[in-house]
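What follows is a short report on a single structure.
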Amino acid sequence: MRRILVTSALPYANGHIHIGHLVEYLQTDIWVRFQKLRDNRCIYICADDTHGTAIMIRAREEGIGEEELIAKMQKAHVDDFARFDIQFDNYGSTHSSENRELCAEIWASMRAAGLVSQREVSQLFDPTAGTFLADRFVKGTCPKCGAADQYGDSCDQCGAHYSAADLIDATSTLTGAKPEVRTADHLFINIEKLHEFLDRWTKGDEHLQPEIANYLAGHFLHEPLRNWDVSRPAPYFGFEIPDSPGNYWYVWFDAPIGYMASTRQWCDTHGEEFDDWWASDRTEIHHFIGKDITYFHTLFWPAMLETSRYQLPTKIHIHGFLTVNGEKMSKSKGTFVCASTYLEHLDPAYLRYYYASKLTNRVDDLDLNLDEFVARVNSDMVGNVVNLASRTAKFATATGLSEKYPDDGGLFDQAAKDGQAIAEAYESCDFARAIRQILATADRANQFVEHNAPWKLRNDPDKARQLQDICTVGLNLFRQLAVYLAPVLPRLAEQTGELLGDPIEHWDQSQQPLTGTPVGKFKHMMKRVDRKHLDAMIAASTEREPANESAEPVTDSGQPLAAEPLAETCTIDDFAKVDLRVARVVAAEDVPKANKLLKLTLSLGGQERRTVFAGIKTAYRPEDLIGRLVVCVANLTPRKMKFGTSEGMITAAGPGGKDIFLLYPDEGAKPGQRVH
RNA sequence: GCGCCCGUAGCUCAAUUGGUUAGAGCGCCGGACUCAUAAUCCGUAGGUUGCAGGUUCGAGUCCUGCCGGGCGUACCA
């Protein structure tokens with residue numbers, strides 16, 4: 001029996017879990033469930049990553065303490081994960097006493113190894129926020145090519161690298177303040193001293209996928225490694241460094257140690273020895289991460305572990321990013337979908353299955369194609385797999401399974417044998433391959449049922465025995481599928497266990513057929529995906545503010561309504577008398593002698609034109625209106641005014657003066673269309 | 001710019017690591033069937049493996065150069 005410790009990257013406490021995060025947590029959860037099903041001793045450890053400037057700033061924005069913020073977010077994370085059936089053995093926090101102690105211990109090792117040095121660093125400082133600014137919090141004009149709106153490290157227009165202090169007209173993205181250069185002492189780890197070790201470790205024993213080892217060799221390890229800046233001056237939300245008052249560990253120092261801290265919590269509550277898990281070569285340690293945080297886990301982290309004499313990772317499994325319909329997730333396109341939004345519309349099993357069917361052990365990005373999502377879930381999972389139970393179970397409810405497993409032409413044995421290859425695919429994280437093989441088994445099972453036509457046998461009482469045998473085969477083949485799919489679809493495995501009165505708990509249950517047991521009444525195991533629900537989810541994600549915006553309730557003032565109370569109710573017929581139309585402003589001119597009026601010419605499409613005098617001069621300039629669509633009252637009795645006849649009104653809100661807000665139709669409306 | 005990775009049927013992916021005529025699923029089209037959640041079964045069509053060279057008895061696979069895409073580039077957690 002292997003002893004295996006597994007982690008996923010720690011989600012940052014600055015935002016909610018979204019479908020991109022879920023690639024990793026589902027991948028890890030499936031792998032862990034597979035190991036447990038194989039009767040290995042396996043624990044899944046994770047935690048919230050809680051430190052850093054971003055948390056500090058966000059807490060300030062929300063007007064709450066950091067600890068309150070991270071507690072709130074942790075609760076949300078834990079809840080989202082649970083609802084996706086992601087089962088951690090422990091979910092901790094980097095802001096814990098265990099983590100503080102382990103950080104101190106590892107830090108002391110690095111000091112003792114002579115790896116720590118101190119150097120003065122000059123950095124931009126935001127005087128309004130009172131904090132130093134990481135490069136991503138500074139924007140300005142590129143000193144090389146003059147492109148505006150560039151971050152403090154490099155220019156995405158010309159590719160130039162520079163120091164944030166060289167940016168022209170730099171501003172802080174936190175407060176908009178003009179940053180000033182200040183200096184502070186920082187602590188560095190001389191990681192170059194471990195260069196030889198890292199060369200060896202990254203290349204050896206398949207700790208890394210080959211493309212990652214190549215990448216590190218070509219990108220970092222081909223030249224001396226730079227010192228790693230691991231401290232931040234106050235104010236910083238994190239742990240103060242014991243032997244360097246006023247300085248805090250950079251969040252990437254304490255985050256991976258959080259893996260250990262969370263394990264220690266688990267050990268303390270389960271009577272386990274911490275060193276059995278982190279200091280024993282009998283334990284495998286597997287980290288699952290995204291490719292964006294590769295060097296933290298493949299260079300700094302092994303360096304920290306090596307120096308402090310802890311066990312090095314057995315393997316770091318690195319996955320790519322999620323794209324949706326071939327593009328980056330986008331808030332405006334509604335493809336930036338929060339876990340909680342997904343759950344309002346769709347069954348988590350769909351996503352578990354879909355990701356599994358596409359995940360390999362490569363670093364490639366994974367695309368969530370919505371059409372394909374529907375097709376795969378409906379035809380593979382429901383039509384092919386679940387349907388197998390649906391079409392055989394009810395013929396066997398009365399009789400139960402045959403006492404002796406019938407001759408099935410070798411189908412069960414074949415599928416049992418295939419279990420080996422399927423297990424190897426799971427083990428190597430090539431879930432796509434595992435799923436392909438499972439589906440091939442399901443195809444053979446459906447062919448068998450089709451060929452033996454139990455629906456014909458049931459009409460002939462003489463063939464009851466034969467019918468029972470056919471269903472015994474069909475249900476056993478289905479049960480094998482449920483075992484093989486259990487890591488991906490735990491609920492389906494549960495339902496199958498209930499149907500056949502034999503809970504699915506071990507991989508080996510796929511190797512022996514079940515006979516002579518009762519068959520329960522078949523209940524629907526999984527619904528087909530309705531495309532409408534997917535579309536609704538995308539629509540909900542589009543309307544919503546981005547996930548990491550504050551989730552506080554809207555607090556609009558009641559003053560405008562109080563200033564102008566609601567009018568008497570009117571009937572729909574009353575309302576219909578007013579003919580509101582979309583119109584385009586084709587001309588707009590100032591009326592020199594008027595204080596409030598602009599003269600507008602509106603087009604209602606075709607040759608239809610209206611001249612309207614609108615009292616919006618104090619809020620709008622004529623040139624800004626030309627070409628825009630507005631909503632006008634088109635059947636208003638024309639009215640003579642001092643400067644001419646007005647043939648309608650345009651609609652606007654607001655008390656007047658500068659506060660006038662014209663109504664615009666949404667994109668796509670055409671002049672002349674009626675507003676209902 | 002530099003580095004890593006990718007490019008195979010309309011879509012998503014295979015191809016035993018250089019070895020017969022490049023295979024599946026979905027989709028399309030045609031047929032069968034009716035137990036099942038419009039499901040399942042049988043069949044047809046669909047390819048100059050991004051382009052151009054090279055190595056080899058043999059190249060989707062190895063090498064070189066282009067073209068296109070993704071990501072990273074150390075302060076994004």
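Fair warning: this is a prediction, and the values are worked out from it, not measured in the lab. The figures that follow rest on heavy atoms only: side chains count, while hydrogens, waters and symmetry mates do not.
- Here A/Asp443 lies in heavy-atom contact (under 4.0 Å) with sugar-phosphate atoms only.
- Among the protein residues, A/Asp380 comes within range of the sugar-phosphate backbone only, with heavy atoms under 4.0 Å from sugar or phosphate atoms but none that close to a base.
- A/Gly383 comes within contact range of the sugar-phosphate backbone alone, with a heavy-atom separation under 4.0 Å but no base atom that close.
- Residue A/Asn446 has its side chain nearest to B/U40 when only B/C5, B/G70, B/U40 are considered.
- The residue A/Gln437 sits apart from the nucleic acid: no heavy atom pair falls under 4.0 Å.
- At the phosphate of B/A15, OP1 or OP2 sits under 4.0 Å from a side-chain N or O atom of A/Arg433.
- A salt bridge is defined here as a Lys NZ or Arg NE, NH1 or NH2 lying under 4.0 Å from an Asp or Glu carboxylate O, and A/Glu62 with A/Lys72 meets this definition.
- Closest to the side chain of A/Val386, out of B/C35, B/U37, B/C5, is B/U37.
- Distances shorter than 4.0 Å separate none of the side-chain N or O atoms of A/Arg528 from OP1 or OP2 on B/A38.
- Between A/Leu366 and A/Gln447, the residue anchored closer to the 5' end of RNA chain B is A/Leu366, taking for each the nucleotide with the nearest heavy atom.
- Put simply, A/Tyr250 has a side-chain N or O that comes within less than 4.0 Å of OP1 or OP2 on B/A77.
- Across all strands, A/Phe321 comes closer than 4.0 Å only to sugar-phosphate atoms, never to a base (heavy-atom distances).
- Residue contacts for A/His186: at a heavy-atom cut-off of 4.0 Å it reaches a base atom on one of the strands shown.
- For A/Gln209, no side-chain nitrogen or oxygen approaches OP1 or OP2 of B/C4 to under 4.0 Å.
- Backbone-only engagement by A/Val251 is indicated by non-hydrogen atom pairs under 4.0 Å involving sugar-phosphate atoms exclusively.
- Among the nucleotides B/C75, B/C35, B/U12, the one closest to the side chain of A/Phe296 is B/C75.
- Taking the charged nitrogens against the carboxylate oxygens, A/Arg531 and A/Asp371 do have a contact shorter than 4.0 Å, which makes a salt bridge.
- In this structure, A/Arg182 is positioned above the aromatic face of A/Phe125, its NZ or CZ under 6.0 Å from the six-membered ring centre and within 45° of the axis.
- Taking atom P on both B/U16 and B/A52, the two are 25 Å apart, rounded to the nearest angstrom.
- Environment of CZ in A/Arg465: sparse, with no more than 12 heavy atoms of neighbouring residues, nucleotides or ligands closer than 6.0 Å.
- No hydrogens or angles were tested; on distance alone, a donor-acceptor pair under 3.5 Å links the side chain of A/Asp229 to the base of B/C75.
- Atom P of B/A22 sits at a distance of 14 Å from the matching atom of B/U61, rounded to the whole Å.
- The environment of CD in A/Glu206 is sparse: at most 12 heavy-atom neighbours from other residues, nucleotides or ligands sit within 6.0 Å.
- With hydrogens and angles left out, the side chain of A/Glu450 and the base of B/C33 share no donor-acceptor pair within 3.5 Å.
- Distance A/Phe478 CZ to B/U40 P: 14 Å, rounded to the nearest Å.
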